[in-house]
Amino acid sequence: MSETNTAAEVAAPHRYTAALAADIEARWQDFWDADGTYEAPNPSGELAGDPAVVARPKKFIMDMFPYPSGAGLHVGHPLGYIATDVYARYHRMTGHNVLHTLGFDAFGLPAEQYAVQTGTHPRVSTEANIENMKAQLRRLGLGHDKRRSFETIDPEYYKWTQWIFLQIFNSWYDEDAKKARPIAELVALFESGERAVDGERPWSELSAAERADVLGRYRLAYASDAPVNWCPGLGTVLANEEVTADGRSERGNFPVFKSKLRQWNMRITAYADRLLDDLDALDWPEAIKLQQRNWIGRSVGARVDFPVEGHPDAKVTVFTTRQDTLFGATYLVVAPEHQLVVAEGGNGGIVPAAWPEGTHEDWTGGHATPAEAVAAYRKEAAAKSDVERQADAKEKTGVFTGAYAINPVSGARLPVFTADYVLMGYGTGAIMAVPAHDSRDFAFARAFDLPMRCVVRPSDDRGTDPSTWAESFDSYEAEIIDSAGPDVSLDGLAVPEAKTRMAEWLTERGIGEATVNFRLRDWLFSRQRYWGEPFPIVYDEAGVAHPLPESMLPLELPEVEDYSPRTFEPDDADTSPETPLSRNEDWVNVELDLGDGVKRYRRETNTMPNWAGSCWYELRYLDPHNSERLVSADAERYWMGPREGQPHGGVDLYVGGAEHAVLHLLYARFWSKVLFDLGHISSAEPFHKLYNQGMIQAYVYRDSRGIPVTATEVEERDGAFYHQGEKVSRLLGKMGKSLKNAVTPDEICAEYGADTLRLYEMAMGPLDVSRPWDTRAVVGQYRLLQRLWRNVVDEATGELTVVDAEPDDATLRALHKAVDGVAQDMANLRFNTAIAKVTELNNFVTKLSEVPRSVAERMVLLVAPLAPHIAEELWRKLGRTGSVVHQDFPVADPAYLVDEAVTCVVQIKGKVKARLEVAPSISDEELEKVALADPAVVAALGGAGIRKVIVRAPKLVNIVPA
RNA sequence: GAGCGAGUGGCGCAACAGGCUAGACGCAGCGGACUUAAAAUCCGUAGCCCAAGUGGCAUGUGGGUUCGAAUCCCACCUCGCUCACCA
């Protein structure tokens, strides 16, 4: 604190200063901890409490829990925590049993990287970071139930993460029942023969390894050899959601390559429909719902088989959303990785030995045989990174395979190409090209001189000859033309009807059917990391995976000497991952009795991704120390169970950043649904209401070289900015150490106190909007608290200044208006306007010669959710006992919300010409009469006749002259 | 390129459903009080323009609907976010 305040402190020893705030805040924080003020009772079990509180309506209010980084918090981090805290406090004061707490998400790459950089064990550095963060957060006075806090790295927590993994591993998705069921039930169906095993031999004839293989195709958690995102720079594989659009790792920005590796996956695709449909009932921002819908990417269309000329057994199966344009298909394209063009092995390959007679020379790529051309193109495509593929998107490349397919509707011969604009990972990896009606096919057809056929009548004046067009034509509101074949005709149908008709025809013929295709892929669930949850899986000598029994959980992460990941040159795709755990042979090789005697096993050495711990943590808050179950059924039903208006149940308010739209939020929904299907929980959705807080931005000052300079050392002169005499530029950016503009909550607390910081963060603007931090402006909220304090306490003596007189009418109206507005704003997360209303009331009260006690008390209650420490202190000074936390929030008396007299505006053609004081209950007729009689109105009308009078009693009259 | 969102004083932002003279509340500014002085605090002032009025212009720009538009519609401009060869 600066020394200049000392004099003021002497003059006014009881002024609300930073020093006094610090003293008040520390005292009340200690009181809350000792008192357990924020402990929310469960209906039963270890955390059971006052039945009267349990009987209240519940509110489960949650933040996205923090990831403890070494850098500590800046003022942007706690924005959401303060908002949920205010909201939670408001609901505690309005008769709710409020569960509000905070844990720590502490496994994962950043913690590990920080540990490697600093040369400390991740557990040591993570624990230190958490302690530091806890201290920073405690200073803010957040009302958390500390009994319920945990860290995802606690073995008692990740025991249940592993347990859930086993639940998922031990279940399959029953497409008929549309839900997950235990894998044992599938085994029973196979054993009884009720359900046939895919493949030629019956279940009873299969070996143990073969059976494991079959089940692996059903399990919701399974290992497979599919191509995955391999990131040599990070030394680990990544989920699709963790790879950016330009083919780089979201973390670290290293190149990512497709590589075939045996990895664990979660069959999230089984839930695609439910993940999509259940979004409708969630109270989430539309933008986030839209992002999830796009990510799931449901497309309705059809599968169509095209016979291949000269290969009676081969067919090209395509997925299309425009089966109505089948007559317009003039060629086919398969992805370079497609089985049909894999020359080696000859498994269904359709590439002929020689180019067909008269092959266009541009189609051959200059190669002597189709096999050579295809092999060369495949190699070229494989060498391209996603970045390059992206960059080349405009220029279409490809090569003719030498094969022809037959269009089943018209009998037309269609050349089959392979090109990298068709992706193996989407649909069937093959398309029918309709160049007249698809922009990509149009570009390819132009490049390779392929024919085009118009089968949808253009709605503009371009005509029906595609060779004269500048671009393809694509519309769902047009008529099908030129689509009559020997067996089926679509001519004259509208697009939707034509789609249905074509799908029916394909189904009748057995050469296709209407299908739905999803963009969503299975979730890659293993990482080559040390700092994560170990998989509770061991392999026997035949390589069959076995789940550990529940009794062996938690499988603790072993202490190792070398926990650093094996990373490679970021651009070296010819590398393969090495798991840190595999270096520890003593841990990897074990002898276990899994029910059939002691045998030797090897442990799985991958670890789970950092998302695992956050997929279910909301459940553990409910019953954090339960050693028997992940959560007691009673607690789960009470806090999460479906309520009216929340058909799926879930957390009542979940606040966090929008960056988790498709990662955490999708994964957590998926786990909830599996646990729900298996009967472990009653809520099929984790988060009923989601709210995205905006970002706190900060000015970044850069010198002439573009290097950020320390923001606090920058001076402003005449609208320009200078750092050590040098002119610097100013731009709005993120807040952080690297941009030298971080402001910590600690320094603001030291300067003004936590209550001021809380108020300022809430007053800056609407919660969901990003806005720039301005340290200079914080003082405004400090002044509000000082004035509030002064309205109750004499700064010189510390004595109360309130009087026991009844407030006058105007004061009561101001009070009740504020109470009403603040309550509504709080309930709707509009804290910025709530603070404005409190300020307005406080400014009003400041002007009173003396402050009535009843007004002061209600003002204290009004600010209690926002500035809890000063509220507690004033409440106590006002002679009230107990904590303000559990007082009732003031309720507005409607009688004082109606003003005695209302100002009515009289407009003439929308321009205000007079103002009248009228009774709020005045009738339209009466008001019109009064308005027309007003001298100013008469004068303004100047004798002109009246055409029309619009009356909105009691506030407005608008006169339209003739 | 596509989709979504947003443009209001020097700044952050208000105006809850088209209707109380747009700019609440706060920062910065300006004037004053207190002080030897400064800081802090308090009181006041404050959109822009001018011939200073019972004046004109003002919610990104241009049009429209309406008695009345920051609010609704159309076009354009700018910024932000998301997705991006998904068949």
Side-chain angles (χ1 to χ4, degrees), chain A residues 2-5 7-9 11-12 15 17 245-246 285-288 290-291 294-295 297 299 301 318-322 333 389-390 392-394 396 419-423 425-434 438-441 443-444 517-519 658-659 661-662 695 716 719 732 759-760 763-766 769-781 783-784 786-787 790 795 821 824-825 828 830 832-840 843 846-847 899 902-905 907-915 936 939-940 947-950 952 954-961:
Chain A
S2 55
E3 289 176 28
T4 47
N5 259 4
E9 278 160 21
R15 170 168 292 179
T17 58
D246 55 355
E286 274 309 313
I288 300 288
L290 194 66
Q291 276 187 59
N294 289 341
W295 189 263
S299 315
V318 308
F319 172 75
T320 177
T321 56
R322 295 300 303 270
V333 186
R389 224 164 139 146
Q390 193 75 34
D392 298 344
K394 276 161 243 123
K396 294 282 179 286
D420 66 1
Y421 83 94
V422 172
L423 310 174
Y426 184 76
T428 61
I431 62 148
M432 63 176 214
V434 185
D438 179 281
S439 61
R440 295 150 303 177
D441 298 343
F444 191 83
N517 192 58
F518 292 95
R519 201 188 90 116
E659 67 273 17
V662 287
M695 215 187 320
E716 183 175 357
L732 214 47
L759 274 178
Y760 176 66
M764 286 168 80
V769 171
S770 293
R771 60 230 114 132
W773 177 267
D774 182 7
T775 297
R776 285 187 313 178
V778 177
V779 71
Q781 302 307 322
R783 288 179 189 145
L784 166 63
Q786 284 189 322
R787 268 179 238 149
R790 202 160 34 235
E795 290 188 341
Q824 285 181 39
D825 287 345
N828 291 298
R830 290 195 301 255
N832 54 329
T833 48
I835 292 169
K837 282 160 192 159
V838 167
T839 310
E840 221 169 337
N843 289 347
T846 303
K847 290 189 178 76
D899 289 318
V902 173
T903 308
C904 173
V905 209
Q907 303 175 330
I908 294 179
K909 280 202 80 173
K911 297 269 180 202
V912 177
K913 294 294 173 188
R915 293 166 75 202
R947 203 174 86 202
K948 196 173 167 188
V949 180
I950 293 113
R952 293 281 179 278
K955 288 182 174 175
L956 176 124
V957 176
N958 191 9
I959 301 163
V960 189

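We name chains A, B, ... by the order of the sequence lines, and we start the count at 1 in each one. What you see below is based on every heavy atom in this structure, not just the backbone, and it leaves out hydrogens, waters and symmetry mates.
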| field | Under 4.0 Å protein heavy-atom contact, by nucleotide of nucleotides 17-33 of chain B - B base, S sugar-phosphate only | value | --BBB--BSSSS-----
| query | With a non-hydrogen cut-off below 4.0 angstrom, is Q824(A) in contact with a base, only sugar-phosphate, or nothing? | reply | nothing
| First of W295(A) and G429(A) reached from the 5' end of RNA chain B, by closest nucleotide | W295(A)
| Please give, in whole Å, the distance from rC83(B) C1' to E286(A) CD? | 17 Å
| request: Give the stems involving RNA chain B, where a stem is 3 or more consecutive Watson-Crick or G-U wobble pairs (i with j, i+1 with j-1, and so on) under 3.5 Å. | output: B:1-7 with B:77-83, B:10-12 with B:25-27, B:29-33 with B:41-45, B:47-49 with B:55-57, B:60-64 with B:72-76
| remark: Minimal heavy-atom distance between Q824(A) and R830(A), with the atoms involved, is O-NH2, 4.2 Å
| said: Applying a 4.0 Å non-hydrogen cut-off, can you work out what T428(A) is touching in the nucleic acid: base, sugar-phosphate, or nothing? | reply: nothing
| query | CZ of F319(A) versus P of rC85(B): gap in Å, rounded? | reply | 17 Å
| query | Mind checking whether K837(A) and D825(A) have side chains closer than 4.5 Å, heavy atoms only? | reply | yes
| said: For a quick test of reading the model, state the closest non-hydrogen atom pair linking V318(A) to I431(A) and the distance between them. | reply: CG1-C, 3.4 Å
| query | CD of E795(A) versus P of rC42(B): gap in Å, rounded? | reply | 9 Å
| query | How close or far is atom P of rA6(B) from atom CZ of R771(A), stated in whole angstroms? | reply | 16 Å
| query | Since syn is defined as within 90° of 0, does rG9(B) count as syn or as anti? | reply | syn
| said: For Y421(A), does the six-membered ring have the charged nitrogen or CZ of K396(A) within the cation-pi criterion, i.e. under 6.0 angstrom from the centroid and within 45° of the normal? | reply: yes
| task | Decide yes or no for V960(A) and I950(A): does some side-chain heavy atom of the first lie under 4.5 Å from some side-chain heavy atom of the second? | result | yes
| request: Nearest whole angstrom, please: distance from the P of rA84(B) to the CG of L290(A). | output: 13 Å
| field | Separation between the P atoms of rC13(B) and rU8(B), rounded to whole Å | value | 9 Å
| With nearest nucleotides of RNA chain B determined for A287(A) and T846(A) from heavy-atom distances, which residue corresponds to the more 5′ nucleotide? | A287(A)
| field | Nearest heavy-atom neighbours spanning Q781(A) and A763(A) | value | NE2-CB, 3.5 Å
| When rounded to the nearest Å, what value does the distance between P atoms of rU78(B) and rG10(B) take? | 22 Å
| field | Atom P, compared across rG64(B) and rG18(B): separation rounded to whole Å | value | 22 Å
| Side chains of N843(A) and R787(A): closer than 4.5 Å at any heavy-atom pair? | yes
| task | Can you see which heavy atom on A661(A) is nearest to which on I288(A), and at what distance? | result | CB-CD1, 3.7 Å
| query | If you measure from the P atom in rG26(B) to the same atom in rC34(B), how many Å do you get, rounded? | reply | 25 Å
| field | Rounded distance in Å - CD1 (I959(A)) to P (rG68(B)) | value | 14 Å
| remark: Rounded to the nearest 0.5 angstrom, the CG-OG1 distance for N828(A) and T833(A) is 9.0 Å
| message | Please verify the inter-ring angle class for Y426(A) with F319(A); under 30° counts as parallel, over 60° as perpendicular, anything in between as tilted. | response | perpendicular
| Stepwise, does the side chain to side chain contact (heavy atoms under 4.5 Å, CB included) test hold for Y760(A) with I835(A)? | CA-CA 9 Å; Y760(A) 176 66; I835(A) 292 169; over 6 Å; no
| request: Take the protein atom CD of Q291(A) and the nucleotide atom P of rA2(B), then report the distance between them rounded to whole Å. | output: 19 Å
| query | NA contact type, S770(A), heavy-atom cut-off 4.0 Å: base, sugar-phosphate, or nothing? | reply | sugar-phosphate
| task | Determine the Euclidean distance between corresponding P atoms of rA51(B) and rU66(B); express it in Å to zero decimal places. | result | 39 Å
| query | Considering only the P atoms, how many Å lie between rU71(B) and rU65(B), rounded to the nearest integer? | reply | 15 Å
| said: On the nucleotide rC42(B), are OP1 or OP2 found under 4.0 Å from the side-chain N or O atoms that R790(A) carries? | reply: yes
| query | Using the C1' atom in both, what is the distance from rG62(B) to rC67(B), to the nearest Å? | reply | 24 Å
| To the nearest angstrom, how far is Y421(A) atom OH from rA87(B) atom P? | 13 Å
| message | Would you measure the distance from the P atom in rC72(B) across to the matching atom in rC4(B) and give it in whole Å? | response | 16 Å
| said: By the 4.0 Å heavy-atom rule, please label R519(A) as base, sugar-phosphate, or nothing. | reply: base
| task | Identify which nucleotide among rC67(B), rA87(B), rA14(B) has an atom closest to any side-chain atom of V960(A), counting heavy atoms from C-beta outward. | result | rC67(B)
